[in-house]
Structures are given as structure tokens and as C-alpha cells.
Amino acid sequence: MLINERPVKILILGEAKITHTQRWIAHFQNAGWTVRALSFDPIPDGIECESLGPTVLPRTIHILLTASRVRAIIESFRPDITSALFLPD
């Protein structure tokens, strides 16, 4: 699918260790979309996903502390679609 002569850009927020998230990433990559995925989990081998860092604090606090980084990623990537598959806590 194209938007203005370029592939659709999708940002996926999810837990990289979850098979469901991995399938969504693979599906849109295989469809020719530009995919950027973010996760708090360690990234399994073979999954194209960006880690938001290990959660050493309570997860809710960690999410709040990474909000500005996620915002910067969104502003630079400028996705056509943002999908939050799973946001814990």
C-alpha cells in the first residue's frame, strides 16, 4: 500500500517477546510497509524492533521516563499509523 507514492509507515508499540507482536511486525514488513517497532522487552533474535531499555524501575515509572524518547521517535519517523498492541500496567 502506498501513500503519496511511498510505502505506508507504521509504528508498533508492543512486547517483542510476544508472538502476536512478532507476527504483526513480520506481516507489515512482508506487505512492503515501513515498520518501526518499540518494546520494553529484550529483543529476540530475528525480530526488527527497537528496545526502549531494560525495565529496572517499576514499569509504570519506566514508561513515564521514556515518554519523551517515544515522542521524539514519533516526531522523526512520522508514522501514518500507530498501533499499541500491548501496554502493560
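- The side chain to side chain contact (heavy atoms under 4.5 Å, CB included) test applied to L64 returns no partner, not counting sequence neighbours.
- Applying the salt bridge (Lys or Arg N to Asp or Glu O under 4.0 Å) rule to pairs touching residues 44-57 yields R36-E50, E50-R69, sequence neighbours excluded.
- Under a 3.5 Å cut-off, the side chain of Q29 and the backbone N or O of T34 do not form any donor-acceptor pair.
- Here the options are V8, V35, I81, the test is side chain to side chain contact (heavy atoms under 4.5 Å, CB included), and the partner is F28; only V35 passes.
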For residues 71-78, please give each side-chain donor-acceptor pair under 3.5 Å, one per line with the distance, not counting sequence neighbours.
from	atom 1	to	atom 2	distance (Å)
S76	OG	A72	O	3.3
S76	OG	I73	O	3.2

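- Atom NZ of K9 sits in a crowded spot, with more than 12 heavy atoms from other residues, nucleotides or ligands closer than 6.0 Å.
- For the atom pair C49 SG and E15 CD, the distance stands at 9.0 Å (nearest 0.5 Å).
- For the atom pair CD1 of I10 and OG1 of T82, the computed distance is 8.0 Å after rounding to the nearest 0.5 Å.
- The CG atom of L85 sits 13.0 Å away from atom CZ of R23, with the distance rounded to the nearest 0.5 Å.
- For the atom pair CD1 of I43 and CG of L38, the computed distance is 9.0 Å after rounding to the nearest 0.5 Å.
- Contact check for I63 versus F40: side-chain heavy atoms found under the 4.5 Å cut-off.
- Under the 3.5 Å distance criterion, the side-chain polar atoms of S39 are matched with a main-chain donor or acceptor of G14.
- Listed here is the closest heavy atom pair of L52 and T66: O-CG2, 3.9 Å.
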